[in-house]
**Student:** 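There's a structure below that I have some questions on.
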Amino acid sequence: MHQVEIATTQETLLDSPEMVLNMGPQHPSTHGVLRVVLKLDGETVIDLDCDIGYLHRGMEKIAENRMYTMIAPYWDRLDYIAAVSNGLVWVETVEQMMGLPVPPRAHYLRTILTELNRIASHLLWLATHALDIGAVTVLLWALREREEILKIFERQFGARLTCHAWRVGGMPNDAYDDFNKDVRQFVNNFPKRLEEYETVLSENRIWLSRTVGIGVISGEDAIAIGLSGPALRGSGVAWDVRKSRPYAAYADMDFDIPLGENGDTYDRYLVRLEEMRQSRRIIDQALEKLPDGPVNAKLPKIVKPPAGDYYHSIEGPKGEIGCYLVSDGTAQPWRVRVRPPSFINLQALKQMCVGHLVADVVAIIGTLDIVLGEIDR
Amino acid sequence: MPLVPIPKPTFVQKLKRFFMIDLLKGLGLTLKYNLGALVDKDAVAGKGIYTEQYPKVRPDVAPRFHGAPRLNMDPETHDTLCIACNLCAIACPEDCIDVIPMDVEIIVAGKPRKKKVIDEFIFDTSRCMFCALCQEACPTSCLELTQDFELATYSRAGFVWNREMLEQGRETVKYTS
Ligand code: SF4
Ligand code: SF4
């Protein structure tokens with residue numbers, strides 16, 4: 001069993017001994033199999049430690065024994081909520097290492113579909129986060145909208161969750177016949193739905209008292225830990241890979257990066273809601289400008305990047321997904337390393353939780369939006 | 001733990017809180033949904049049911065869906081389309097395909113020649129992740145992932161499909177209520 005090393009000794013209230021409490025790995029609100037060992041003084045958290053690795057499948061090692069074209073479906077299983085974004089980081093890394101020119105239509109379709117995936121991921125986050133805190137209605141509504149996105153994915157990729165969406169050099173298929181109509185319909189309906197979530201949550205006094213001032217992290221601390229994504233932007237740091245190192249067709253898009261001020265759970269909630277609006281804007285523009293043409297580059301018979309190493313990252317729904325690839329010039333990678341956003345975001349848990357109540361730990365795990373498939377790999 | 005100063009509510013906000021405007025707004029919206037479900041066109045038979053009525057009603061899956069594998073046959077001659085090229089087995093990241101060829105003697109322009117044809121085809125659906133790489137590799141559109149999605153069996157051996165199962169497909173169970 002994992003030994004918790006808790007060094008801090010602290011005066012406890014009533015001089016009662018501190019209590020060590022196991023939360024997880026089967027706890028429903030740890031979002032997977034995460035074990036959190038809490039050290040408590042009454043109901044206040046004094047210290048905590050995370051125990052991860054229950055879902056380890058050895059993805060990076062598997063990748064060393066597969067051809068370059070075969071690895072993308074495994075990448076879907078890292079962050080299975082955002083399979084489309086994860087697949088994209090792999091194919092873009094290989095393409096850029098080989099210098100493959102990807103046709104513009106493929107870039108635009110990639111932009112649309114990854115943004116749809118961002119909305120789907122944020123919706124699932126909203127659903128489970130609200131459920132953890134006690135607002136059950138939002139779960140049903142958010143999953144209803146997510147279903148529409150998953151239907152688009154099913155028609156486009158042939159699968160709903162682990163889509164295997166991209167191939168090195170482009171896409172497996174062009175957009176299906178009603179693609180424009182379906183996406184347009186979603187884009188038109190979505191703002192009304194977002195307003196509904198805001199009506200139930202944003203001003204609700206229970207929601208406010210459970211989120212405002214909970215899990216605060218300052219901008220400097222967030223940068224020091226290496227947070228990325230909404231968890232970083234909630235603390236007011238303007239960093240988004242889509243803006244700073246544009247990939248796919250993001251350079252042509254006009255969108256804003258929402259920023260929080262206080263770095264608490266409520267700000268991160270606002271940031272994610274606004275991000276969904278911005279994603280909708282990006283999809284709207286990309287659909288307007290969607291060029292015609294092929295969706296696949298001409299591939300050599302065997303995909304073999306030149307020997308060397310390469311790092312590429314994209315902005316996933318949860319933060320910066322990076323992929324570091326070392327090639328020795330053969331048909332299989334020599335070493336692959338993933339930079340999973342959830343793993344690094346989880347490191348902030350201790351700093352955010354200490355001093356709060358046990359019930360707030362649930363809210364803070366929810367606000368970090370972690371996926372254990374990605375943390376354990 | 002850095003604390004955030006919680007903004008003091010203004011007078012209007014206090015008034016709104018006192019009359020529970022925030023809660024009433026949310027409750028009103030949910031009530032609208034509850035009553036609206038009774039007349040909603042999307043709901044099943046106006047009963048306010050939105051969920052899929054599986055297994056009574058099977059969902060329509062998309063034409064591109066990656067489901068149960070199938071080996072296609074020539075629609076006219078009913079010969080298999082498979083040319084035993086082994087490309088699908090090479091493309092598969094999970095090694096779940098085994099193509100077992102055999103040699104047959106054929107006469108080409110009066111001379112006897114050996115030709116490789118398919119003898120047995122093993123597809124392990126329990127290891128398959130339905131990525132469709134095999135389907136894309138097949139040069140004759142023989143191997144195809146179909147819309148059939150009910151793959152559960154009672155034994156591990158039941159997941160391993162042989163050529164006959166792949167060509168005929170499995171019988172679809174009809175559920176009755
Ligand atoms: S779908 Fe993918 S995993 Fe399954 S047999 Fe085909 S290539 Fe292999
Ligand atoms: S790729 Fe197609 S033709 Fe070749 S062995 Fe597989 S199923 Fe048969």
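No experiment lies behind these values; they were computed from the predicted model shown. Chain identifiers are assigned alphabetically (A, B, ...) following the order of the sequence lines, protein sequences preceding nucleic acid strands; residue numbering begins at 1 within each chain.
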**Student:** By a 4.5 Å heavy-atom criterion (distance strictly below it), what part of A:Arg66 contacts chain B: side chain, backbone, both, or neither?
**Tutor:**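 Looking at A:Arg66, just its side chain touches chain B.
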**Student:** Who pairs with B:Phe65 by ring pair (Phe, Tyr, Trp, His ring centres under 6.0 Å), at least two apart in sequence or on another chain?
**Tutor:**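 None.
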**Student:** Heavy-atom distance under 4.5 Å to chain B: side chain of A:Leu208, backbone, both or neither?
**Tutor:**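 It is the side chain, since no backbone atom gets that close.
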**Student:** Go through the atoms of A:Trp207 and report whether side chain, backbone, both or neither lie under 4.5 Å from a heavy atom of chain B.
**Tutor:**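 Nothing of A:Trp207, per the 4.5 Å heavy-atom cut-off to chain B.
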**Student:** Tell me, side chain or backbone of A:Thr162 under 4.5 Å from chain B's heavy atoms, or both, or neither?
**Tutor:**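 For A:Thr162, there is no contact with chain B at all, as no heavy atom is under 4.5 Å.
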**Student:** At their closest point, which heavy atom of B:Leu133 faces which heavy atom of A:Pro73, and how far apart are they?
**Tutor:**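 Nearest heavy atoms, B:Leu133 then A:Pro73: CD1-CG, 4.4 Å.
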**Student:** Side chain, backbone, both or neither: which part of A:Glu147 has a non-hydrogen atom closer than 4.5 Å to chain B?
**Tutor:**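 No part of A:Glu147 comes within 4.5 Å of chain B.
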**Student:** Does this structure show an ion pair linking B:Arg163 with B:Glu167, if we count only N-O contacts that are shorter than 4.0 Å?
**Tutor:**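 Judged by the 4.0 Å cut-off on N to carboxylate O distance, B:Arg163 and B:Glu167 do form a salt bridge.
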**Student:** For A:Lys304 and A:Tyr68, run side-chain contact (heavy atoms from CB on, under 4.5 Å): C-alpha distance rounded to whole Å, both residues' side-chain angles, the deciding distance at 0.1 Å, then the answer.
**Tutor:** CA-CA 7 Å; A:Lys304 263 192 209 167; A:Tyr68 282 95; 5.7 Å; no
**Student:** Given heavy-atom pairs under 4.5 angstrom as the criterion, report whether the side chain, backbone, both or neither of A:Arg160 touches chain B.
**Tutor:**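 Neither part; nothing is under 4.5 Å.
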**Student:** Keeping to residues at least two apart or across chains, list the ring-ring contact (aromatic ring centres under 6.0 Å, His included) pairs with something in residues 145-171 of chain A.
**Tutor:**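 The answer is A:Phe153-A:Phe157, A:Phe157-A:Trp166.
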**Student:** Tell me, for B:Glu94 versus chain A, whether the close heavy atoms (under 4.5 Å) come from the side chain, the backbone, both or neither.
**Tutor:**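 B:Glu94 touches chain A through backbone and side-chain heavy atoms alike.
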**Student:** Out of curiosity, B:Cys96 SG to B:Met129 CE, how far, rounded to the nearest 0.5 Å?
**Tutor:**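 Reported value, rounded in 0.5 Å steps: 8.0 Å.
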